[in-house]
Amino acid sequence: MSTLGIYGSATLPPLIRRDTMKEQITSLFEAVLDQLMARGQLTEDARRPVHVEATRDPAHGDFATNVALLHAKALGLAPRQLAEQLVNQLPNHPQIAGVEIAGPGFINIRLKADALVQPIKDCLTQGSGYGRGESTGRRVQVEYVSANPTGPLHVGHGRGAAYGATLSNLLSAAGHTVETEYYVNDAGRQMSILGASVYIRYLEALGHPLQFPLGGYQGAYIQDLAAELIHTHGESLERPIASLTSQLVADGEETKDAHIDSWIQAIKHALGEDWRVPFDLALTRIQDDIRDDLGEFGVTFSQWFSEASLVSSGAIADALATLEAGGHLYQHKGALWFRSTAYGDDKDRVVQRDNGEYTYFASDIAYIANKFSRGYDELIYVWGADHHGYITRVKAAASALGYDPDRLTIRLVQFAILYRGGERVQMSTRSGSFVTLRELREEVGVDACRYFYVMRKADQHLDFDLDLATSQSKDNPVYYIQYAHARICRVLEGLQDQPSFDLTRGLTHLASIEGQEVLDIAQQIGQFKETLGRAADSLEPHLLCYYLQELAASFHRWYNGTRLLVDDLAQRDARLTVAQAVRQVLANGLSLLGVSAPEAM
RNA sequence: GCGCCUGUAGCUCAACCGGAUAGAGCAACGGCCUUCUAAGCCGUAGGUUGCAGGUUCGAUUCCUGCCAGGCGUGCCA
């Protein structure tokens with residue numbers, strides 16, 4: 001395994017254990033179910049997990065559960081009758097004001113006033129650690145981006161990068177130990193084409209009139225690399241043109257693959273060991289560029305893993321030997337095949353071609369074995385949607401190697417479609433006119449990029465509206481959320497000319513604040529942790545975006561009708577306490593998204 | 001053909017492993033700044049959750065079949 005670069009992950013704030021009200025209520029009902037089981041009234045298979053939810057309608061109290069509805073049939077009771085029995089057995093809790101049975105058998109729980117604002121106290125006590133889960137002890141690896149180092153990242157990679165980074169942050173916040181990895185495809189045919197492209201441009205730059213291959217890399221950066229090659233090696237890599245071009249297959253739409261392959265053969269033959277020079281230069285420069293690009297995008301990796309290291313270390317041969325031993329391989333038409341159909345694949349897959357070269361899939365198999373050998377509990381792959389067809393074979397490989405395929409999760413990210421002025425921005429890799437991630441960042445900024453990329457479910461196409469992303473209005477969700485944060489900071493600045501803020505005084509008088517708005521805010525703040533947990537479990541960071549937007553909306557609503565810096569210091573500090581809690585949650589959430597939380601706008 | 005994904009307000013999307021009256025934003029219309037940021041807020045209107053069945057006390061959610069759209073289906077990477 002070769003480590004091409006190691007980047008430390010951000011230091012995480014210490015974990016502070018504190019169960020939310022919802023978790024406490026859930027425990028109470030679980031305890032009641034335990035009693036029913038102990039008495040033999042409820043059987044193991046009939047038992048369902050307790051589900052408590054915050055109510056939407058205040059008439060239903062603050063929390064509600066459907067336990068009675070779920071267990072009524074198994075216990076042979078009417079739901080409301082069971083609900084009554086459960087409520088009678090419910091242990092006392094100092095912050096529960098009342099319990100009611102409603103509708104078909106829901107149990108509604110109403111909290112005391114001071115309990116309602118408990119999340120605000122918790123939030124200010126825990127600060128930047130608020131929302132983080134207790135350590136689960138699970139080691140999770142997230143592999144993402146992993147774009148071929150053959151050119152700059154484009155906007156499609158950007159979405160994978162934003163998604164993977166945010167997902168990793170969320171998994172970490174949910175208490176998992178997370179490592180992130182970029183798989184560098186530094187072996188294989190595409191890399192050879194890259195090296196050849198650079199070398200052909202090099203020859204051109206030295207004055208040889210050549211027809212650049214249709215199948216070569218067209219971007220201007222190839223010429224830049226060729227220029228650098230001249231700078232570092234002068235004409236020392238030049239070879240007689242005739243020896244290079246005499247055996248070339250004719251170029252054309254139909255034959256461009258054969259044409260570029262014949263170039264590669266010719267160059268390797270003519271240059272010998274020196275073939276590595278243009279190849280390595282291109283690889284190093286482009287990979288450095290990608291790393292810088294991602295770094296500026298706020299995306300870093302625990303590790304960069306080299307595909308070539310799998311070849312040189314013999315890992316591919318080892319992995320194939322494992323499959324061979326298990327009877328999963330067979331020879332056919334001179335090639336070596338993996339019997340993936342045994343695990344539900346449409347057809348078997350070649351792992352070693354008739355010319356002796358390993359296929360890309362062979363590297364993938366070795367990489368899977370390598371990952372599992374590192375002892376992760378769960379492996380997450382983030383792929384572009386065009387890799388859809390590979391899921392089955394990769395899972396098949398995991399199974400055939402003897403690993404549990406359920407520990408391997410593949411998440412597809414659909415491409416983003418850019419819109420400018422209501423028109424779709426055309427992108428084409430072939431013509432080299434694709435929009436790079438760097439261009440996108442420069443146009444709309446990192447904050448809007450990171451947010452827009454993850455604001456929709458990853459497996460859905462994303463309409464990325466460039467005009468909206470750069471607009472400074474409430475229509476732009478990034479600005480809307482950041483604005484709420486900045487507004488709070490500005491109010492806190494206003495304290496400078498006033499008697500100093502007293503947190504204890506604020507907390508003491510929290511319950512005396514009038515208005516439903518504060519209760520809504522407190523309830524939402526109390527849901528932050530479970531929102532993070534849900535987003536992490538379902539691998540859906542967009543849930544955090546919606547949450548933050550709603551929290552910001554609640555704050556704006558309250559702020560608009562309530563002055564915070566009032567003369568009554570008890571009221572003033574109570575309100576500022578709420579505002580500070582909102583600010584804290586917004587900051588924590590934005591941080592997970594990789595979006596800044598500005599103090600002024 | 002086969003496989004996977006998606007159909008929710010005019011548009012872009014939510015809806016917490018099946019819950020109480022399906023929610024936001026945009027677009028439309030009407031209001032709110034001598035007061036901490038109007039980059040904001042309030043209000044009105046907008047729905048047979050693609051269609052038809054099934055399971056359930058209860059279905060946007062689960063199952064089946066249709067309809068429509070997207071993607072995938074190489075000894076490519």
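In the text below, chain A, chain B and the rest are named by the order of the sequence lines, each starting its count at 1.
When distances run from any side-chain atom of K22(A) to the nucleotides C16(B), C41(B), C75(B), the shortest one goes to C16(B).
In terms of polar N and O atoms assigned as donor or acceptor, the side chain of R534(A) comes within less than 3.5 Å of the base of C16(B) in a complementary pairing.
Not less than 6.0 angstrom separates the ring centroid of F305(A) from the ring centroid of Y182(A).
Applying the 90° criterion around 0 to the glycosidic angle, C33(B) comes out syn.
Salt bridge R572(A)/D568(A): absent, no basic N to carboxylate O contact under 4.0 Å. Salt bridge annotation for R583(A)-E599(A): absent, with no cationic side-chain nitrogen under 4.0 angstrom from a carboxylate oxygen. Using a cutoff of 4.0 Å between basic side-chain nitrogens and carboxylate oxygens, K256(A) and D261(A) are not scored as salt-bridged. Salt bridge absent: R80(A) and E84(A) never bring a charged side-chain N and a carboxylate O closer than 4.0 Å. The residues R411(A) and E143(A) are annotated as not salt-bridged, no charged nitrogen and carboxylate oxygen being separated by less than 4.0 angstrom.
Here H542(A) lies in heavy-atom contact (under 4.0 Å) with sugar-phosphate atoms only. Within 4.0 Å (heavy atoms only), N108(A) reaches at least one base atom of the nucleic acid. Counting non-hydrogen atoms under 4.0 angstrom, A600(A) reaches a base of the nucleic acid. Residue-level contact check: H60(A) touches the bases, meaning some heavy atom is under 4.0 Å from a base atom. Among the heavy atoms of the strands lying under 4.0 Å from E530(A) is at least one base atom, whether or not backbone atoms are also near. Within 4.0 Å of D57(A), counting heavy atoms only, lies at least one base atom of the nucleic acid. Among the protein residues, S363(A) comes within range of no part of the nucleic acid, since none of its heavy atoms lies under 4.0 Å from any strand. Residue Q190(A) is classed as a sugar-phosphate contact, given heavy-atom separations below 4.0 Å to backbone atoms only. Note on A72(A): nothing from the nucleic acid sits closer than 4.0 angstrom, heavy atoms only. If you check every strand for non-hydrogen atoms under 4.0 Å, A64(A) touches a base. Across all strands, N66(A) comes closer than 4.0 Å to base atoms (heavy-atom distances).
For the segment residues 348-356 of chain A, residues with any heavy atom less than 4.0 angstrom from an atom of RNA chain B are, sorted by number, V350(A), R353(A), D354(A). Applying a 4.0 Å cut-off to non-hydrogen atoms, the residues of residues 332-343 of chain A that approach RNA chain B are H332(A), K333(A), A335(A), W337(A), listed by residue number.
Residue K73(A) places none of its side-chain N or O atoms closer than 4.0 Å to OP1 or OP2 of G58(B). Considering only side-chain N and O atoms, Y559(A) lies nowhere under 4.0 angstrom from the phosphate OP1 or OP2 of C42(B). In this model, the phosphate group of C36(B) is not approached by any side-chain N or O of R572(A) to a distance below 4.0 Å at OP1 or OP2. OP1 or OP2 of U37(B) lies within a sub-4.0 Å distance of a side-chain N or O belonging to R490(A). The phosphate of G23(B) has neither OP1 nor OP2 within less than 4.0 Å of any side-chain N or O from R56(A).
Stacking here means ring centres nearer than 5.5 Å and ring planes tilted less than 30 degrees, and by that measure F106(A) stacks onto A20(B).
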Residues R420(A), D465(A); criterion salt bridge (Lys or Arg N to Asp or Glu O under 4.0 Å); working and verdict: CA-CA 6 Å; R420(A) 185 185 282 114; D465(A) 185 333; over 6 Å; no

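In RNA chain B, runs of at least 3 consecutive Watson-Crick or G-U pairs, each pair with both distances below 3.5 Å, span B:1-7 with B:67-73, B:10-13 with B:23-26, B:28-32 with B:40-44, B:50-54 with B:62-66.
Computed from coordinates, the Q523(A) CD to C16(B) C1' distance equals 12 Å when rounded to whole Å.
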